[in-house]
Trainee: 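My structure is below; once you've seen it, I'll send some questions.
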Amino acid sequence: MAEPKSPDRCPQNNPSIVAELIGASKIFKTGGQEIVALHKTDLLLNRNELLLIVGPSGSGKTTLLSLLGCVLYPTEGCVCIQGVNTKDLNDRQLAKLRRSLIGFVFQNFNLISPLNSEENIMLPLLLNKLSKDAVREKVRRAQDLVGLTHRRKSLPKQLSGGEQQRVAIARALVSDPAIILCDEPTAALDAGSFETVMEELRHLADLGKSVAVVTHDPRLEKYADKIIFMKNGNVLEKKDGNGTP
């Protein structure tokens with residue numbers, strides 16, 4: 001197998017490709033040791049696509065997601081977001097890119113308990129200089145997308161696990177990012193809520209978002225357009241999903 005390339009710059013921007021890893025690796029140094037969290041990897045994330053990243057704990061899937069989310073810089077290779085090499089950006093530029101293009105959904109929801117659903121969804125907009133009317137409209141659209149307008153004044157403790165995760169998805173959507181990255185978004189959910197959340201993520205991909213989901217749960221495979229399997233920091237296999245719940 002050919003060694004993945006490690007370019008100095010990203011390829012010319014292709015509008016169908018939202019994110020691309022080219023020969024990207026991540027090595028952590030601790031003491032005198034080097035730990036390879038991700039070996040050199042090539043990966044495309046396209047519009048209208050739900051990508052599933054599957055593997056056991058410690059396989060490198062969260063590291064891969066963190067590179068796609070511009071939370072980590074690659075040790076080698078390049079991570080390109082809409083044709084921009086993230087290695088060319090300073091911390092301020094990278095934070096702006098994350099804020100405008102990437103939404104994150106986590107396993108444990110990460111909602112702020114004293115705030116109601118509407119206020120939690122509003123949080124990513126507080127750093128943007130928007131009018132109150134513009135903020136309200138963006139929040140309303142995000143709530144509509146996940147079907148939770150009727151719960152906009154509810155506190156997290158008044159919501160089921162599935163409803164809390166849908167609030168978290170709306171919070172990720174409120175800035176209208178191109179990419180939605182999800183780290184084990186269904187792990188804390190019961191079977192009914194699991195299906196609701198995955199149908200929401202599938203719907204977002206169908207609307208044009210690029211959705212990447214880290215999981216160890218094979219039940220999610222039926223929702224994916226593309227699946228990669230990981231072990232020990234390596235992508236072992238890629239296959240097409242069927243993209244239908």
Side-chain angles (χ1 to χ4, degrees), residues 1-7 10-11 14 16-30 34-87 89 94 97-98 101-108 110 172 177-187 198 201 204-205 209-218 220-221 223-241 243:
M1 182 181 296
E3 182 78 1
K5 49 192 177 297
S6 297
C10 296
N14 181 334
S16 67
I17 300 172
V18 179
E20 183 171 6
L21 271 61
I22 308 174
S25 67
K26 187 62 184 177
I27 299 173
F28 294 101
K29 294 184 179 180
T30 174
E34 290 188 346
I35 299 173
V36 181
L38 183 71
H39 293 275
K40 287 186 178 182
T41 298
D42 291 338
L43 181 68
L44 295 178
L45 184 59
N46 299 298
R47 296 189 189 280
N48 295 95
E49 179 177 82
L50 196 156
L51 167 69
L52 207 63
I53 304 169
V54 181
S57 178
S59 62
K61 57 188 189 295
T62 297
T63 298
L64 178 58
L65 198 75
S66 297
L67 289 174
L68 284 171
C70 303
V71 176
L72 297 175
Y73 283 107
T75 303
E76 291 186 72
C78 126
V79 176
C80 309
I81 306 295
Q82 293 191 341
V84 175
N85 189 339
T86 57
K87 276 192 171 181
L89 305 180
L94 199 62
L97 181 147
R98 281 195 302 266
L101 293 180
I102 303 170
F104 296 90
V105 179
F106 303 97
Q107 174 179 338
N108 293 320
N110 289 354
I179 304 169
I180 307 292
L181 302 179
C182 309
D183 194 357
E184 300 279 7
T186 62
M198 286 310 301
L201 294 174
L204 293 176
K209 301 296 183 186
S210 299
V211 182
V213 179
V214 158
T215 188
H216 62 273
D217 189 340
L220 274 63
E221 293 183 17
Y223 298 92
D225 298 296
K226 185 167 64 181
I227 306 167
I228 63 172
F229 297 91
M230 299 191 66
K231 186 176 181 181
N232 297 328
N234 289 290
V235 175
L236 298 182
E237 182 184 358
K238 301 178 184 180
K239 74 175 187 178
D240 292 333

Trainee: Looking at Asn232 and His39, what are the two nearest heavy atoms and their distance?
Mentor: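 Taking every non-hydrogen atom into account, O-CD2, 3.5 Å.
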Trainee: Would you say Lys87 and Pro74 make side-chain contact, with heavy atoms under 4.5 Å?
Mentor: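 Yes; the side chains approach each other to less than 4.5 Å.
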Trainee: Does any non-hydrogen side-chain atom of Val213 lie less than 4.5 Å from one of Tyr223?
Mentor: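 They are not in side-chain contact.
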Trainee: Locate the shortest heavy-atom distance separating Ala172 from Pro177; write the atom from each residue and the value.
Mentor: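 Where Ala172 meets Pro177 most closely, the heavy atoms are O-CG, 3.2 Å.
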Trainee: Can you tell me how far OG1 of Thr75 sits from CD of Glu34, rounded to the nearest 0.5 angstrom?
Mentor: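 It comes to 8.5 Å.
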Trainee: Grab the two heavy atoms, one from Val214 and one from Pro185, that are nearest each other, plus how far apart they are.
Mentor: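 The answer is O-CD, 3.8 Å.
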Trainee: Which value, rounded to the nearest 0.5 Å, describes the distance between Lys209 atom NZ and Leu50 atom CG?
Mentor: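 Lys209 NZ to Leu50 CG: 14.0 Å, rounded to 0.5 Å.
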Trainee: Measuring from atom CD1 of Ile228 to atom OG1 of Thr41, what distance do you get when rounded to the nearest 0.5 angstrom?
Mentor: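 It comes to 7.5 Å.
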Trainee: Dump the intermediate steps for side chain to side chain contact (heavy atoms under 4.5 Å, CB included) on Leu44 and Lys226, then the final yes or no.
Mentor: CA-CA 10 Å; Leu44 295 178; Lys226 185 167 64 181; 4.2 Å; yes
Trainee: Between Arg47 and Ser16, is the side chain to side chain contact (heavy atoms under 4.5 Å, CB included) condition met? List the steps.
Mentor: CA-CA 6 Å; Arg47 296 189 189 280; Ser16 67; 5.6 Å; no
Trainee: So do Ser210 and Glu49 actually touch side chain to side chain, heavy atoms under 4.5 Å?
Mentor: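 No, their side chains stay 4.5 Å or more apart.
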Trainee: SG of Cys182 to CG of Leu51: how many Å apart, nearest 0.5 Å?
Mentor: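 So the gap between those two atoms works out to 10.5 Å.
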Trainee: Given side chains that start at C-beta, do those of Val235 and Leu43 come closer than 4.5 Å, heavy atoms only?
Mentor: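 A side-chain contact is absent here, since even the closest heavy-atom pair is not under 4.5 Å.
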Trainee: Which pair of non-hydrogen atoms, one from Asp42 and one from Lys238, has the smallest distance, and what is that distance?
Mentor: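 Answer, listing the atom of Asp42 first, then Lys238: O-NZ, 2.9 Å.
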Trainee: Looking only at heavy atoms, what is the nearest atom pair of Ala224 and Ile227, with distance?
Mentor: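 Result for this residue pair: CB-CG1, 3.8 Å.
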Trainee: Begin with the C-alpha distance, continue with both residues' side-chain angles, and end with the deciding distance and a verdict on side chain to side chain contact (heavy atoms under 4.5 Å, CB included) for Leu94 and Tyr73.
Mentor: CA-CA 10 Å; Leu94 199 62; Tyr73 283 107; 3.5 Å; yes
Trainee: Show me, pair by pair, the donor-acceptor contacts under 3.5 angstrom made by side chains of residues 56-70, not counting sequence neighbours?
Mentor:
| residue | atom | partner | partner atom | Å |
| --- | --- | --- | --- | --- |
| Ser59 | OG | Pro56 | O | 2.8 |
| Lys61 | NZ | Gly55 | O | 2.8 |
| Lys61 | NZ | Pro56 | O | 3.0 |
| Ser66 | OG | Thr62 | O | 2.9 |

Trainee: Residues in salt bridge (Lys or Arg N to Asp or Glu O under 4.0 Å) with Glu221, at least two apart?
Mentor: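 For Glu221 the salt bridge (Lys or Arg N to Asp or Glu O under 4.0 Å) partners, ignoring immediate neighbours, are Lys239.
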Trainee: Using a 4.5 Å cut-off on heavy atoms from C-beta on, say whether the side chain of Val71 contacts that of Phe104.
Mentor: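 Sidechains of Val71 and Phe104: in contact.
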Trainee: Within this structure, what is the CG-CG distance for the pair Leu21 and Leu38, rounded to the nearest 0.5 Å?
Mentor: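 Atom-to-atom, Leu21:CG and Leu38:CG are 7.5 Å apart.
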Trainee: Using side chain to side chain contact (heavy atoms under 4.5 Å, CB included), reason through Met230 and Val54 one step at a time and then give a plain yes or no.
Mentor: CA-CA 6 Å; Met230 299 191 66; Val54 181; over 6 Å; no
Trainee: In Å and rounded to the nearest 0.5 Å, what is the CG to CD1 distance from Leu101 to Ile180?
Mentor: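 Reported value, rounded in 0.5 Å steps: 11.0 Å.
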